[in-house]
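Okay, structure first, notes after.
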Amino acid sequence: MLDKNFVRENLDLVKERLATRGGRYSLDELVSVDTEWKKAVLRSEELRRRRNEASEAIGKLKRNGVDTSEQQATVKQISSEIKSLDETVQAIEERLNSILHGIPNLPDSSVPVGADENENQEIRRWGTAPEFDFDPSDHVDLGTNLGILDTDRAVKIAGARFSLLRGEGALMERALINFMLDVHTLDHGYQEVLTPFVANSTSLFGTGNLPKFAQDLFKIEGTDYYLIPTAEVSVTNIYQGDTLDLEELPKKFVAYTPCFRSEAGSYGKDVRGLIRQHQFNKVELVKFTAPTGSYEELESLTRDAEDILQRLGLHYRVITLCTGDMGFSSAKTYDIEVWLPSQNRFREISSCSNFEAFQARRANIRFKNETGKRQYLHTLNGSGLAVGRTWLAILENYQQKDGSIVIPEALRPYMGGRKSLKK
RNA sequence: GGAGAGGUACCGAAGAGGUCGUACCGGGCCCGACUCGAAAUCGGGUUACCGCCUAAUCCGCGGUACGUGGGUUCGAAUCCCACCCUCUCCGCCA
């Protein structure tokens, strides 16, 4: 959520920056509705002031035994005016909020301007793509042949876009989770948290998933519970409504959670394999920082995520999403994309964003600055990493001619010392 | 699921229709005094949000907020209704 007073005072700048995202936003309407709101609130406050004065006077007169029925009638009249005016104010507020809540974050000035994913900018690459002297298989064939992936039977349990890992496949998923958590807690200084896997609508509003993206979520019928689409939701909301001290910033958390996404509108995309699932595991990094220095924190967060790929020896690149491809709440996003031999291309495995104060404003998360004044802090997060996609990237990148998989050295201690996956 | 208790400032906790939400009292925190220094003691200070004003996130003025939303009333933390949450006991349960 943007600060409406900032929008009002910097209307041209805001328009210009939002235009780079594409889409239309009712900024002029926002300002005019806000003006209307200010006027109505001012009138309401003036009426309240009069009522407060009159009521106090009545109290004093009554104590002296004076008849006050005339004054009471006046105040009653004022009260009914206030009541009807407040209904107006509320209606205006609802209009104001529906506009404001639908406006995405302003892209940071360092974000490349572009219409869609084709204009994202690659900023670095690491490693090299493996070379095969045979035709590499994709992870579905590899996993199925090894007996560690059973996509057909997952359908019986739940349906399409769910998966079942077996034996050493399940072990490797669990090993990856533990490996990632260990690296981030022991070497990168994040505190591990294990959060609820459901969140209420207030929390989802805080991170920007609601109200605009309800169709992407699984809701538990008859409740206000939603399955979390990412640990970003549960971890960011740890401090919903709180004020932190400057000295305790930045706060860094890492959380493993399953993630649940309805994937509405993705029909036909990535239907084969583990790329796009209704449920997947993810290790998420979340930071709460002071506004000063939050972009340095984005750089280091991204490096922390990259470190996992480097330790696993997986070829990847980092791209800066252009203005037209960024998510709703983000001011700047780096995607990390891992090399997939079967597709002969890079695929997203992590997305690292600085939301600046956009989420903090929605979730009311503040800190006390140098002068003791309360101020919205900045939130950041990134996958560190998407576990399912890491799992399939290992299968594809480390496959051997005989269909076995070499386990990356860094992962072996987490897999009972195994060096490979074989039939 | 059943029964009960409770949600008031940073924390504990009082207030039970108007003269104190600059909210009894206690603690914390900040400043000062005492001290070589500290502890103890003593004195002073310390809610948030919104609007108006403004160069200003200072000051000043006004408004709102006692879990949330309604209602009663000239006036609600206080009375009424609904809902949410927390705690205790019982039942069930990994």
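In what follows, chains are A, B, ... by sequence order, proteins preceding strands, each numbered from 1.
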Q) Using the C1' atom in both, what is the distance from B:C11 to B:U68, to the nearest Å? A) 23 Å
Q. How would you label the contact of A:Lys39 with the nucleic acid (heavy atoms, under 4.0 Å): base, sugar-phosphate, or nothing?
A. nothing
Q. B:G75 phosphate, OP1 or OP2: any side-chain N/O from A:Ser79 under 4.0 angstrom?
A. yes
Q.
Does a side-chain N or O of A:Asn52 approach OP1 or OP2 of B:U64 to a distance below 4.0 Å, or not?
A. yes
Q | Phosphate OP1/OP2 of B:C74 contacted by A:Lys76 side-chain N/O (<4.0 Å) | A | yes
Q) Which of the following nucleotides, B:G71, B:G75, B:G51, is nearest to the side chain of A:Lys83? A) B:G71
Q.
Rounded to whole Å, please give me the gap between CD in A:Glu87 and P in B:G70.
A. 10 Å
Q) Watson-Crick or G-U wobble partner for B:U78, using a 3.5 Å limit on both distances? A) none
Q. Does B:G6 pair with anything, Watson-Crick or G-U wobble, both distances under 3.5 Å, and if so, with which nucleotide?
A. B:C85
Q. With both distances kept under 3.5 Å, what pairs with B:U41, Watson-Crick or G-U wobble?
A. B:A33
Q) Which whole-number value in Å describes the distance from A:Arg48 CZ to B:U73 P? A) 17 Å
Q: Rounded off to whole Å, could you give me the CG-to-P distance for the A:Asp34 and B:C50 pair?
A: 13 Å
**Q.** Closest-nucleotide 5' rank along RNA chain B - winner of A:Ser55 and A:Lys373
**A.** A:Ser55
Q) Picking from B:G63, B:C74, B:C52, which would you name as closest to the side chain of A:Val75? A) B:C74
Q) Hey, what's the ring geometry for A:His188 with A:His184, parallel, tilted or perpendicular (30° and 60° as the breaks)? A) tilted
Q.
Please report the distance separating the C1' of B:U8 from the corresponding atom of B:G2, rounded so that it comes out in whole Å.
A. 30 Å
Q.
Distance check, C1' atoms only: B:U86 and B:C59, in whole angstrom units.
A. 42 Å
**Q.** Modelled atom types, side-chain donor and acceptor of A:Glu396 and A:Ser342, under 3.5 Å
**A.** yes
Q) Once you round it to whole Å, what is the distance between P of B:C50 and CZ of A:Arg361? A) 11 Å
Q) Taking CD from A:Glu46 and C1' from B:C50, how many angstroms apart are they, rounded to a whole number? A) 16 Å
Q | Complement of B:G62, any strand, by Watson-Crick or G-U distances under 3.5 angstrom | A | B:C50
(Q) Less than 4.5 Å apart, side chain to side chain, heavy atoms only: is that true for A:Phe355 and A:Thr207? (A) no
Q) Is it true that A:Glu409 and A:Arg311 make a salt bridge, defined as a side-chain N closer than 4.0 Å to a carboxylate O? A) no
Q) Do A:Pro104 and A:Tyr25 have side-chain heavy atoms sitting under 4.5 Å apart? A) yes
Q: Using the closest heavy atom to pick a nucleotide of RNA chain B for each, name whichever of A:Gln90 or A:Lys368 lands nearer the 5' end.
A: A:Lys368
Q) Hey, does A:Asn369 reach any base, or is it just sugar-phosphate, or nothing, if we go heavy atoms under 4.0 Å? A) nothing
Q) Are A:Asn5 and B:G51 close enough that a side-chain N or O sits under 4.0 Å from OP1 or OP2? A) yes
Q.
For the C1' atoms, the ones on B:C24 and on B:C36, what distance do you get once it is rounded to whole angstrom?
A. 41 Å
Q | OP1 or OP2 of B:U47 under 4.0 Å from side-chain N/O of A:Arg374 | A | no
Q | Whole-angstrom distance between B:G7 and B:U78, as gauged at atom C1' | A | 15 Å
Q. Taking CD1 from A:Ile82 and P from B:G62, how many angstroms apart are they, rounded to a whole number?
A. 16 Å
Q) Between atom CG in A:Asp224 and atom P in B:U68, what is the gap in whole Å? A) 17 Å
Side chains of residues 168-181 of chain A: which donor-acceptor partners sit under 3.5 Å, not counting sequence neighbours?
| unit_1 | atom_1 | unit_2 | atom_2 | d |
| --- | --- | --- | --- | --- |
| A:Glu168 | OE2 | A:Arg418 | NE | 2.5 |
| A:Glu173 | OE2 | A:Asn281 | ND2 | 2.7 |

Q | Identity of whatever pairs with B:C24 - Watson-Crick or G-U, under 3.5 angstrom | A | none
(Q) When the P atoms of B:G28 and B:C85 are compared, how many Å lie between them, rounded to an integer? (A) 35 Å
(Q) Taking only the P atom of each, what is the distance from B:G4 to B:C83 in whole angstrom? (A) 15 Å
Q | Separation between the P atoms of B:A5 and B:C79, rounded to whole Å | A | 15 Å
**Q.** Side chains of A:Trp391 and A:Leu274 in contact at under 4.5 Å (non-hydrogen atoms)
**A.** yes
(Q) Output the rounded distance in Å from CD (A:Glu9) to C1' (B:U57). (A) 12 Å
Q) Which part of the nucleic acid does A:Arg43 contact within heavy-atom distance under 4.0 Å: base, sugar-phosphate only, or nothing? A) nothing
